Student: 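My structure is below; once you've seen it, I'll send some questions.
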Amino acid sequence: MTDLLLLPGDGIGPEVTAQVRRVAEALTPDLAIEERLFGGCSYDAHGVPLTDEALATAKASKAVLMGAVGGPQWAGAPRDKRPEAGLLNLRAGMEVFANLRPALCFNALADASSLKRELVEGLDMMIVRELTGGIYFGSPRFIEELPEGGKRAVDTQVYTTMEIERVARVAFELARGRRNKVHSAEKSNVMDSGLLWREVVTDLHKREFSDVQLEHILADNAAMQIVKNPKQFDVMVTDNLFGDILSDAAAQLTGSLGMMPSAALCLPGKPGLYEPIHGSAPDIAGQNLANPLAAILSFEMALRWSLGRAEAADQLYAAVVKALEAGARTRDLGGALSTVQMGDAVLAAL
Ligand code: IPM
Ligand code: MG
């Protein structure tokens, strides 16, 4: 059985996952690792961004770690064959509905954020993004020609009680092991799906989690509060689209988009999907410039949440802290280290 399936993908994906492989080989040499094409490179080789075989291998692995997908060269591919469609199919196929995106500011990086040190120092916030529903998957969706000229595009935002409840449950459970506070972000002031979201979260809280502090927040206000006073947050649960947007904002608090890992989880016992939240960064791809830490920290989450190697995860986390404290910085963090040199720094600290 494969322990870890690597899906390097496109753009900077192969460069950052290569550093994960080096770390894994040093730290957990007994892990059985496999690799598959995924995203645009899979489309070029197989005509689809995610083959049935790759999805089956993912589902049969203990953990899946991807780099990034997409790039301008696939902008003209049919929408259902685009690299991003492969990613959505992977998330849906693995049923990883709860996406944990930790915004954690390492002390050594408190000055790398575009926000003032005192606002981000010690920040430890967890965004729980619903990942297999909402407007990313709702139907109908189409673009049609209008008889009077011009076109009309439709996307559908849709949530069921079950989908909201299961992701909210993950958020409440996580909060219990942290600072016991959940913010639930939606747009109940304008959207029916937001109204249902608020109702379901409120009911679940009353029934099972009344010991946890719950606050409802409108998603636009959440965006503002994230850049105004991020340390007020412990766990924030939100839908697929708002979670995508709010997690990019939160990532910048940590110093760089290149620092934020994520874990997408299904139910216990099912494989998790681990992804750095950054994209394929075509502008710097292939130049050995990307920060591999989001990918390396995603591996740290995989060790902890899917591979049952908490001790190795602790070691890896400590090594990242040590490397940063020793001054290791890639370009996004204001330094001059290459991707490989950042990998070297983590390996040396290990
Ligand atoms: C993310 C990314 C993806 C998303 C893209 C690449 C489809 O932005 O994981 O945050 O929108 O979910
Ligand atoms: Mg995103």
Side-chain angles (χ1 to χ4, degrees), residues 7-14 16-17 38-43 48-50 55 58 64-75 77-103 125-138 141 155-157 159 163 167 185 219 222-223 226 236-254 256-266 272-285 290-291 293-295 297-298 301-302 332:
L7 301 172
D10 309 316
I12 59 172
V16 297
T17 43
F38 176 52
C41 58
S42 169
Y43 175 71
V48 286
L50 175 69
L55 177 59
V64 179
L65 192 145
M66 61 160 275
V69 291
Q73 61 270 55
W74 299 289
R79 207 199 50 222
D80 62 327
K81 302 264 166 58
R82 291 184 53 174
E84 292 79 4
L87 175 54
L88 298 196
N89 290 342
L90 180 66
R91 289 171 177 170
M94 292 178 70
E95 294 174 84
V96 285
F97 62 87
N99 188 202
L100 280 42
R101 299 190 159 199
M125 164 180 187
M126 178 72 86
I127 294 185
V128 179
R129 168 187 178 190
E130 198 292 323
L131 200 61
T132 53
I135 203 163
Y136 274 57
F137 294 94
R141 58 180 297 171
D155 290 285
T156 301
Q157 161 83 338
Y159 272 109
E163 288 174 307
V167 73
I226 280 175
M236 180 180 286
V237 61
T238 189
D239 78 11
N240 205 340
L241 181 62
F242 296 143
D244 180 45
I245 297 167
L246 295 174
S247 62
D248 262 34
Q252 181 54 30
L253 307 173
T254 70
S256 158
L257 202 54
M259 288 301 300
M260 197 178 196
S262 84
L265 305 175
C266 181
L273 171 62
Y274 297 83
E275 332 172 11
I277 83 146
H278 60 66
S280 58
D283 53 320
I284 58 164
N291 183 351
L293 290 182
L297 289 168
S298 297
M301 293 185 88
D332 55 309

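Quantities reported herein were computed from a predicted structural model and do not represent experimental measurements. All ligand and atom numbering here is 1-based and tracks the order in the structure.
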Student: In the protein, what heavy atom is nearest to atom 5 (C) of ligand 1, and what distance, to one decimal place, separates them?
Tutor: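 Ranked first by proximity to atom 5 (C) of ligand 1 is L87 CD2, 4.3 Å.
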Student: Which residue owns the protein heavy atom closest to atom 10 (O) of ligand 1, what's the atom, and how far is it?
Tutor: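 Scanning the protein heavy atoms, the shortest distance from atom 10 (O) of ligand 1 goes to D244 OD1, 2.8 Å.
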Student: Counting only heavy atoms closer than 4.0 Å, does ligand 1 sit against the backbone of R101, its side chain, both, or neither?
Tutor: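 Near ligand 1, R101 shows its side chain, while the N, CA, C and O stay back.
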Student: Could you pull out all residues at least two apart from Q157 that satisfy side chain to side chain donor-acceptor pair (under 3.5 Å)?
Tutor: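 Side chain to side chain donor-acceptor pair (under 3.5 Å) check on Q157 returns S193, D239.
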Student: Let me check something: any side-chain donor-acceptor pairs from residues 241-249 under 3.5 Å, sequence neighbours excluded? List them with distances.
Tutor:
{"residue": "D244", "atom": "OD2", "partner": "Y136", "partner atom": "OH", "Å": "3.1"}
{"residue": "S247", "atom": "OG", "partner": "R101", "partner atom": "NH1", "Å": "2.9"}
{"residue": "S247", "atom": "OG", "partner": "G243", "partner atom": "O", "Å": "2.7"}
{"residue": "S247", "atom": "OG", "partner": "D244", "partner atom": "O", "Å": "3.2"}

Student: Mind listing the closest non-hydrogen atom pair of G67 and H278 along with its distance?
Tutor: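 Shortest heavy-atom contact: O-CE1, 4.4 Å.
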Student: To the nearest 0.5 Å, tell me how far L293 CG sits from M259 CE.
Tutor: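 The CG atom of L293 sits 5.0 Å away from the CE atom of M259.
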Student: Quick check against the 3.5 Å criterion: does E84 have a side-chain atom that pairs as donor or acceptor with the backbone of G86?
Tutor: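 No; judged by distance alone, with no hydrogens or angles, the pair does not exist.
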Student: Among protein heavy atoms, which sits nearest to atom 11 (O) of ligand 1, and what does the distance come to when rounded to 0.1 Å?
Tutor: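 Nearest protein contact, heavy atoms only, for atom 11 (O) of ligand 1 is Y136 OH, 2.6 Å.
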Student: Donor-acceptor pair, S280 side chain versus G70 backbone, under 3.5 Å?
Tutor: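 Judged by distance alone, yes, a pair lies under 3.5 Å.
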Student: Listing by chain and number, which protein N, O or S atoms are under 2.8 Å from the Mg ion (ligand 2)?
Tutor: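 You should have found D244 OD1.
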Student: Measuring from atom 3 (C) of ligand 1, which candidate in R91, E275, E84, M260 has the nearest non-hydrogen atom?
Tutor: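 Answer by nearest heavy atom: R91.
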Student: For the side-chain contact (heavy atoms from CB on, under 4.5 Å) test, which of V69, V96, L87, L7 pairs with E275?
Tutor: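 Testing E275 for a side-chain contact (heavy atoms from CB on, under 4.5 Å) against V69, V96, L87, L7 leaves exactly one candidate, L87.
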Student: Record the part of R129 in heavy-atom contact with ligand 1 below 4.0 Å; permitted values are side chain, backbone, both and neither.
Tutor: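 The side chain, only.
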Student: For ligand 1, does H278 get within less than 4.0 Å through its side chain, its backbone, both, or neither, judged by non-hydrogen atoms?
Tutor: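 The answer is neither.
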Student: Pick from L131, L273, N89: which one makes a side-chain contact (heavy atoms from CB on, under 4.5 Å) with M94?
Tutor: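 Answer to the side-chain contact (heavy atoms from CB on, under 4.5 Å) test with M94 among L131, L273, N89: L273.
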Student: Please enumerate all residues that pass ring-ring contact (aromatic ring centres under 6.0 Å, His included) together with Y159, with sequence neighbours excluded.
Tutor: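 With sequence neighbours excluded, Y159 shows a ring-ring contact (aromatic ring centres under 6.0 Å, His included) to W197, given in chain and number order.
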